[in-house]
Protein chains: 2
Amino acid sequence: MKPIQVGLLGIGTVGSGVFNVLERNQTEIMRRAGRGIEIAMVADLDTARAKAVVGERVRVVNDARAVIADPDIDIVVELIGGYGIARQLVMEAIEAGKHVITANKALLAVHGTEIFAAAHQRGVMVAFEAAVAGGVPIIKALREGLTANRIEWIAGIINGTTNFILSEMRDKGLDFEVVLKEAQRLGYAEADPTFDIEGVDAAHKATIMSAIAFGIPVQFDKAHVEGITKLAAQDIRYAEQLGYRIKLLGITKRAEHGIELRVHPSLVPAKRLLANVEGAMNAVVVHGDAVGTTLYYGKGAGSEPTASAVIADLVDVTRLHTADAAHRVPHLAFQPDCMSDQPVLPMSEVVTSYYLRLRVADEAGVLAQVSGLLAGAGISIDAMLQREAGEGENQTDLIILTHSVREGTMNDVLAKMQALPAVLAPIVRIRKEELA
Amino acid sequence: MKPIQVGLLGIGTVGSGVFNVLERNQTEIMRRAGRGIEIAMVADLDTARAKAVVGERVRVVNDARAVIADPDIDIVVELIGGYGIARQLVMEAIEAGKHVITANKALLAVHGTEIFAAAHQRGVMVAFEAAVAGGVPIIKALREGLTANRIEWIAGIINGTTNFILSEMRDKGLDFEVVLKEAQRLGYAEADPTFDIEGVDAAHKATIMSAIAFGIPVQFDKAHVEGITKLAAQDIRYAEQLGYRIKLLGITKRAEHGIELRVHPSLVPAKRLLANVEGAMNAVVVHGDAVGTTLYYGKGAGSEPTASAVIADLVDVTRLHTADAAHRVPHLAFQPDCMSDQPVLPMSEVVTSYYLRLRVADEAGVLAQVSGLLAGAGISIDAMLQREAGEGENQTDLIILTHSVREGTMNDVLAKMQALPAVLAPIVRIRKEELA
């Protein structure tokens, strides 16, 4: 049988990985897929670079539309990134009846609804294992491996750059800015690291997982997004003393009145496996009502780990493209006519627990005032840590871990707490997840 | 559309879990599968127990063959266990053109070749996600999620009973026999725990993973199987002092001249996630050439975690049964006509590193003799620990960690070492895996 014909749009880091791994492991992959998989055409603006990767045997063009228009191409792999031209090309490829594979989480988190609807209409597959956690087959686990379960929550370290930075801050006791520069030097952070360090990339991925887990549309605009730029080294230290590590988590959770969808730094108990995921590695914890807690770990980025996921999608499409469209795995795990309209909750409705750091005057009665405000709002204290004021100091740090409470309630209390004369600096508030 | 009709053979712990989870999450599961999944018939020798679980609406019979013979049944779920009647019934169900789902690792590890050949011949699916690591979708990860990769090795904690016992031995410093009794009392170990503690259950699972990872037939008879019954509390302590934990690992590895397939206690660096998997939990590490190291973690046994895997298979079969058989995921990940004949290596050809504990006379020259034997065979020493002899003692423990060596070579050296007059007791040898 003729190999299935693949057209690559963009051949940078991931595209080269796809080409090289397909070439290196072609026998092994064909033994699995039952059919050859051939990159027949590559579009890249930099045709010289593309030719340097793929050699003479593959057609290289500078116009992505030539790939889409080619009647021999069965599958289009979009590796351009971003919401702009990538979106148009994906829509055009679907319109042309091509199956599409993409690693573009930003595109799917923002325009997924439109894209999946078009694909459903046209009877083609859009596969996106590489969009979340690189080579870790987490999309497959959620869409196929855990279908028995009512998923209760997902919490993941899904951005390697920020996890590398947080690991370094903790290991070396350094501040964010210092470690960021180091990460940029080592290639773990980009020259413009905004999407990573502000939590946007993690929120794209959390949005996609949320849709698949709960059968809701992708709704990136409803996600709460908070990065790690304001994290202080001292909070990492205090957390450690209390038995916690601070990780940037992407969280999505089924609550009584809707779905939580949020990315922010979180204290995680040090004994959890997730707390021990270090460096640029990714890990996702999924809690289902039948299976309990499961965890998936691996490299979340890089040329070949991401290529591993893209090629798994290529094999899936090769295996499944002859099946009638109604019997394929639905794009968002649930059948398109069975989506839920549960709302994504505003942050004030989220229920979680908190780490608070207050810079307070070292004088009698402060603790009573602070704990009185918490008690008044029905917030109970889980643990407390008061740094002893140094010789000659007249202020100190008061660290409080609370039990769970609605964030709106906590916001009100924090406003009152901040207004206390004995509270001398802006209160630091970091959320805490027990993941039990 | 009429729900797909399922017949259960055996409704004990796992069967009840399947029934209850299907019932509880039926809406959610149907939204995913695109079709209802209905347990229409149950066969169990204990019909009263079966009726107590499934109520009045489901037909209960005491003859499994009545389920297989029923023309309305699309899928037969075998939950009887063992190699005996289960094997006959699975073969008969296949012959009758039913898709089969089984959690029976023993059956597949021993008779898988025959079963999968029959299923291929008859054009039906045999799905077995529940056979390895309970609810963790590791079969799916290997067969579908990592298809891009040349798998290099797999190492897993795939028996919860033994991991619970090892965790307790370490935590409480207790001996094997004491903890086993406790585990039996708590229901973590069976009344006859032989299959678990002797490593047989783990070897069944490792055999299945080995076949899927490397495209070789299931060959349980070639597996090296060693349990934890001879592990001493002191070795767990010494390992800890050297920065390691002892786990019962199922290992399969691609070597130059064949495939390693072995289950035995192993030292694992304490900093690895796998070393931190405690209690009855399971975890499998898979190393692929493109993706690098990935890990999958969760509950490896129990009613609902196992049911989670069985139902995932039910959803898969429901989604895929209309596809032509040639385009389904092959049973053993590779197409049946593309299997490899790489041999499973004898244990003497396995290359690994070692922990050795020698009870030696506390006298000059012993260390020189021992290290001389190692050096003579080209085995280099990675670390050493000598317990100081107590007041009035004339013997002591000498602990050695070696670098990698062929096991045959190590066996020769150990024989010579054991013959040294200064070596006063049988040498303890535990293998060590860096999992790097």
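In what follows, chains carry the letters A, B, and so on, assigned in the order in which the sequence lines appear, proteins first and then strands, with residues in each chain numbered from 1.
Checking side-chain atoms of B:His331 against main-chain N and O of B:His120 turns up no donor-acceptor pair under 3.5 Å. Between the side chain of B:Asp313 and the backbone N or O of B:Glu129, at least one donor-acceptor pair lies under 3.5 Å. Looking only at distances, no side-chain donor or acceptor of B:Thr306 sits under 3.5 Å from a matching main-chain atom of B:Ala130.
For the set B:Gly145, B:Ser308, B:Gly302, the count of heavy-atom pairs under 4.5 angstrom toward chain A peaks at B:Ser308. Residue with the most contacts toward chain B among A:Glu28, A:Arg32, A:Glu144: A:Arg32 (heavy-atom pairs, distance under 4.5 Å). Between chain B and the options A:Leu320, A:Asp316, A:Asp289, the largest number of non-hydrogen pairs under 4.5 Å is found for A:Asp289. Across B:Ile29, B:Val18, B:Leu332, the residue that shares the most heavy-atom pairs under 4.5 angstrom with chain A is B:Ile29. Top candidate by heavy-atom pairs under 4.5 Å with chain B, chosen from A:Val315, A:Asn149, A:Leu314, A:Val285, is A:Asn149. Of the listed residues (B:Ala141, B:Ala283, B:Gly17, B:Pro330), the greatest number of heavy-atom pairs within a distance under 4.5 Å of chain A belongs to B:Pro330. Ranked by heavy-atom pairs shorter than 4.5 Å toward chain A, the options B:Lys299, B:Gln26, B:Arg24 are led by B:Arg24. The candidate with the highest count of non-hydrogen atom pairs below 4.5 Å against chain B, out of A:Thr294, A:Thr318, A:Leu295, is A:Leu295. Taking chain A as the reference chain and counting heavy-atom pairs below 4.5 Å, the highest number among B:Arg328, B:Glu278, B:Gln335 is found for B:Gln335. The candidate from B:Pro305, B:Gly298, B:Gly135 with the greatest count of non-hydrogen atom pairs under 4.5 Å with chain A is B:Pro305. Comparing A:Met30, A:Lys140, A:Arg35 by heavy-atom pairs within less than 4.5 Å of chain B, the highest count is held by A:Lys140.
Atom CD1 of B:Ile139 and atom NZ of B:Lys205 lie 11.0 Å apart (nearest 0.5 Å).
Proximity to chain B (any heavy atom under 4.5 Å) is shown, for A:Leu22, by neither the backbone nor the side chain. Residue B:Ala309: no heavy atom, backbone or side chain, is found under 4.5 Å from chain A.
For the pair A:Arg272 and B:Tyr297, the cation-pi test (distance below 6.0 Å, angle within 45°) is failed.
Classified by interplanar angle (parallel below 30°, tilted 30° to 60°, perpendicular above 60°), the ring pair A:Trp153/A:His287 is parallel.
Dense packing is recorded around CZ of A:Phe164, with more than 12 heavy atoms of other residues, nucleotides or ligands lying under 6.0 Å away. The number of heavy-atom neighbours closer than 6.0 Å to CZ of B:Phe116, taken from other residues, nucleotides and ligands shown, is above 12.
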